[in-house]
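One structure below.
Every chain is numbered from 1 and lettered A, B, ... according to where its sequence line falls, protein lines coming before strand lines.
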Amino acid sequence: MAYWLMKSEPDVYPWDKLVKDGKGNWDGVRNYQAANNLKAMKSGDKAFFYHSNIGIEIVGIMEVTKEAHLDPTDEKKRFVMVSVKPVKALKKTVTLKQIKEDAVLKHMALVKQSRLSVSPVTEKEWKRVLELAAWPD
DNA sequence: GCCAACGTTGGC
DNA sequence: GCCAACGTTGGC
């Protein structure tokens, strides 16, 4: 199983909305590198939900429920989306500041390629974020 | 509001 | 196919 990090601006699509909806489609990606990451996702993969611009922190965990399929919001039919469902909110959010200050996390793709909206997370990084988030107990 | 980083576009 | 100009993202 692989791990990922996906960004959303909370004034466009916040974590709370995904929780309220119970599921969602991760559409609107218009960047080939991000799209390639979407295509690499398997059903059951886990992903962090990251709030960009406002908050600038990891707030929750999602699970991929459907692998990459055509994004209906893309008129040119070039890009794909995945379907996700919320798993659990982090007990404590993990801010970008914390990530940059952490010896393990400062090497995350999130830090190195700040504009990439869908990025891979290593197992080591995943576990470290959960430690900082104080979850699971 | 600014700016660095990076992606895209278009002229040649 | 190169690269300058321009647009967008995202952190501060």
Problem set entry | K100(A) vs dC12(C): side-chain N/O to OP1/OP2 distance below 4.0 Å | yes
Problem set entry | Phosphate OP1/OP2 of dG11(C): any Y50(A) side-chain N/O under 4.0 Å | yes
For [X] and [N], what is the distance between atoms [atom1] and [atom2] respectively, to the nearest whole Å?
| X | N | atom1 | atom2 | answer |
| --- | --- | --- | --- | --- |
| R115(A) | dG11(C) | CZ | P | 11 Å |
| H51(A) | dT9(C) | NE2 | C1' | 17 Å |
| E57(A) | dG11(C) | CD | P | 11 Å |
| N31(A) | dT9(B) | CG | P | 12 Å |
| Q33(A) | dA5(B) | CD | P | 17 Å |
| L96(A) | dT9(C) | CG | P | 18 Å |
| L116(A) | dA4(B) | CG | C1' | 16 Å |
| M108(A) | dG11(C) | CE | P | 12 Å |

For this session: Answer yes when D16(A) and K20(A) have at least one side-chain N-carboxylate O distance shorter than 4.0 Å, and no when they do not.
Result: no
Problem set entry | SB check R128(A) E131(A) (cutoff 4.0 Å) | yes
Exercise. Of the candidate nucleotides dG10(C), dC12(C), dC6(B), which contains the atom at the shortest distance from the side chain of S117(A)?
Worked result: dG10(C)
Exercise. Is K97(A) touching bases, backbone alone, or none of the nucleic acid, heavy atoms closer than 4.0 Å?
Worked result: nothing
For this session: Could you check whether the rings of Y13(A) and W26(A) sit parallel, tilted or perpendicular, using 30° and 60° as the cut-offs?
Result: perpendicular
For this session: Find out if a path of hydrophobic residues (ILVMFWY) with successive side-chain heavy-atom gaps under 4.5 Å connects L116(A) to V29(A).
Result: no
